[in-house]
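Residues: numbered from 1 along the sequence shown. Remember, it's a predicted structure, so these values are computed and weren't measured experimentally.
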Amino acid sequence: MRRMFRGAFIVLIALRYGLDELVLASFQKPWLRAIARVVSVGRNLQAPRGQRLREALERLGPIFVKFGQVLSTRRDLMPTDIADELARLQDRVPPFDSAIAVATIERAFRKPVGEIFTSFDREPIASASIAQVHFAMLRDSNGHEREVAVKVLRPNMRPAIEKDLSLMRMMAGWVERLSSDGKRLKPREVVAEFDKYLHDELDLVREASSAAQLRRNMQGLDLVLIPEMFWEYCMPDVIVMERMTGVPISQVGRLRAAGVDIAKLARDGVTIFFTQVFRDGFFHADMHPGNLQVSTQPGTLGRYILLDFGIVGTLTEFDKEYLAQNFTAFFRRDYKRVAELHIESGWVPAGTRVDELESAIRSVCEPYFDRPLKEISLGIVLMRLFQTSRRFQVEIQPQLVLLQKTLLNIEGLGRELDPELDLWATAKPFLEKWMLEQVGPQKLFDQLKDQAPRYAKLLPELPRLLHDYLLQRPGDHRRELSELLTEQRRTNKLLQGLIYGGVGFVLGLIVMQIVLRVRLF
């Protein structure tokens, strides 16, 4: 019954904000289009469609807000105006009762909150759709008090999520069956991706482990601060981390007054992003201004502070090699090679004509190379490539979509801080060095070094394995083995003769030099 009421509420909100016009416009059935025209009568639909969709999702609640945020990353599926509007969705959710937060903490650690923390602020400092954060004081194992932040999962999140997800799956099925664009948009796959993302975010230990990995990776860079996790106080519903003190990156006036070099801050953001992506293959994939602060403390002035590690992206060695070769081809304007790489990777159907794909890629990229470097947007180039690739049925990889979305965030943030930021000039030396490491001699040496223990164990066993294999085969292979062993003995004798002859020749030269020196003396 509750599911029916929830479904009816969703339909009413959709009608109120004119989402039927947005969705039913592409439906094939004439009677569905007729319904769209009827229900549109008498409503004010002057606002752009993206704005109406964003406002409807905010009205439907935090789970739909999250869905919109995830949908905004799928620019390969969404029109640009809708994706841009959905990217503005923020988790503006009222906090839940602090008594519930305390009860959750006590249930997780099986002791009163007063025995865990020396003090606990019951007023939350931040509240989002999945969790909220409280400040507290924690006594560590050495008896020192540490300022910490306690992140607590919202109560009853799993049942609420399952209820809304079941409705989303049902609506996705309708869209796929009735809409002409349904199969191309893959609504059920999008909902499945959202399902995985949400359930991952519900496990706060996963977020803590991502933060710990990023902190370890970034230690030597001296450009970014990431909170330390207190593992003895990390549970699926509660995590305790180091409290970070900084100024939100959007408050540029305060940062400038504190002595932060804003132009350097913009460049550092690009460096942090490219280091995480191309050196480590593990990156913070939600770097919007709400998750970024800047330290104003004397020892760490101007360093980024990263928060909220619920969304991280990863790149495999295959992804890195693919990106290395693509960037190399882009810099050389070798669009044919870019097209071939797409086909070789299996992301484009095997029957795709290379020349057609090459022409489409050239039409996207070529206009940007003749512009001043500071006017080139890497994020926009990637976005247009994704849009162009639709008609070639390119299977966009989720990790690369996250990469593109984060690059757009970083690029937009950098240009807000410094309108003259030259992203290409900042990133190109880093990319060139990284590409050399990926495809140059150093990469080959590193791979050989990594595999050396395996080779050291395998090589001595190869003659025995070959001998055993050939002995198990019938007569022909035994004759081949006998001939092989005979040839090996001849080769060994020849090598011995060459070695002995060489040694004798060298010894003869040495003796002749000694004799000549003796005679001269």
Side-chain angles (χ1 to χ4, degrees), residues 140 144 146-149 207-231 241-252 254-309 311-315 320 378 403 406-407 409-418 420-438 442 446:
D140 63 18
H144 302 128
R146 297 281 302 272
E147 292 183 323
V148 297
E207 178 179 340
S209 64
S210 297
Q213 180 69 51
L214 283 171
R215 177 183 169 90
R216 188 161 52 249
N217 291 347
M218 295 287 101
Q219 271 184 337
L221 197 59
D222 293 334
L223 296 177
V224 61
L225 302 172
I226 296 172
E228 175 189 359
M229 296 291 153
F230 297 92
W231 285 109
M241 68 193 84
E242 176 187 5
R243 176 177 172 177
M244 309 302 289
T245 303
V247 175
I249 198 165
S250 57
Q251 299 181 11
V252 179
R254 284 183 61 189
L255 293 174
R256 191 174 279 113
V260 175
D261 185 338
I262 302 299
K264 180 179 182 299
L265 188 67
R267 294 193 302 272
D268 288 350
V270 177
T271 302
I272 291 166
F273 170 73
F274 280 99
T275 301
Q276 289 181 0
V277 171
F278 296 108
R279 188 193 71 182
D280 305 325
F282 189 84
F283 59 97
H284 190 302
D286 201 18
M287 293 179 70
H288 62 75
N291 290 335
L292 296 175
Q293 295 182 356
V294 180
S295 174
T296 55
Q297 302 300 312
T300 57
L301 179 68
R303 290 193 194 180
Y304 278 80
I305 298 173
L306 299 189
L307 303 171
D308 194 348
F309 307 92
I311 308 177
V312 294
T314 57
L315 296 176
K320 285 184 174 183
L378 279 174
L403 172 68
T406 309
L407 180 56
N409 284 343
I410 290 296
E411 197 169 46
L413 175 67
R415 290 205 164 121
E416 280 184 19
L417 294 172
D418 179 13
E420 296 299 311
L421 175 68
D422 189 337
L423 188 67
W424 274 102
T426 306
K428 192 175 178 182
F430 189 98
L431 289 173
E432 288 174 339
K433 178 176 179 293
W434 172 75
M435 286 189 293
L436 183 62
E437 292 171 353
Q438 289 294 303
Q442 185 63 41
D446 291 341

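- Not a single donor-acceptor pair under 3.5 Å links the side chain of R303 to the backbone N or O of S295.
- The nearest pair of heavy atoms linking Y304 to L265 is OH-O, 2.6 Å.
- Residues F309 and V312 share a closest heavy-atom pair of O-CG1, 3.9 Å.
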Stepwise side chain to side chain contact (heavy atoms under 4.5 Å, CB included) check, L306 with N291: CA-CA 6 Å; L306 299 189; N291 290 335; over 6 Å; no
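- One finds the CG atom of L315 at 11.0 Å from the CZ atom of F282 (value rounded to the nearest 0.5 Å).
- Interatomic distance, CG of L221 versus CZ of R279, reported as 6.5 Å (0.5 Å rounding).
- For the pair D418 (side chain) and A266 (backbone), a donor-acceptor distance under 3.5 Å is absent.
- Note that CE of M244 is 8.0 Å distant from OG1 of T300, once rounded to the nearest 0.5 Å.
- A distance of 8.0 Å separates CD1 in I262 from CD1 in I249, rounded to the nearest 0.5 Å.
- In plain terms, the two heavy atoms of G313 and A285 that are nearest each other are N-CB, 3.8 Å.
- Taking CG from D286 and CG from L307, the interatomic distance works out to 11.0 Å, rounded to the nearest 0.5 Å.
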Distance-only check: which donor-acceptor pairs under 3.5 Å involve side-chain atoms of residues 270-278, not counting sequence neighbours?
from	atom 1	to	atom 2	distance (Å)
T271	OG1	R267	O	3.2
T275	OG1	T271	O	2.7
Q276	OE1	H284	N	3.0

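- Contact record, I226 with R215: O-NH1, 2.6 Å, taken as the closest heavy-atom pair.
- Heavy-atom minimum distance, A211 versus M229: CB-CE, 3.5 Å.
- L301 approaches G259 most closely through the heavy-atom pair CD2-O, 3.9 Å.
- Annotation: the span from M218 atom CE to Q213 atom CD amounts to 10.0 Å, rounded to 0.5 Å.
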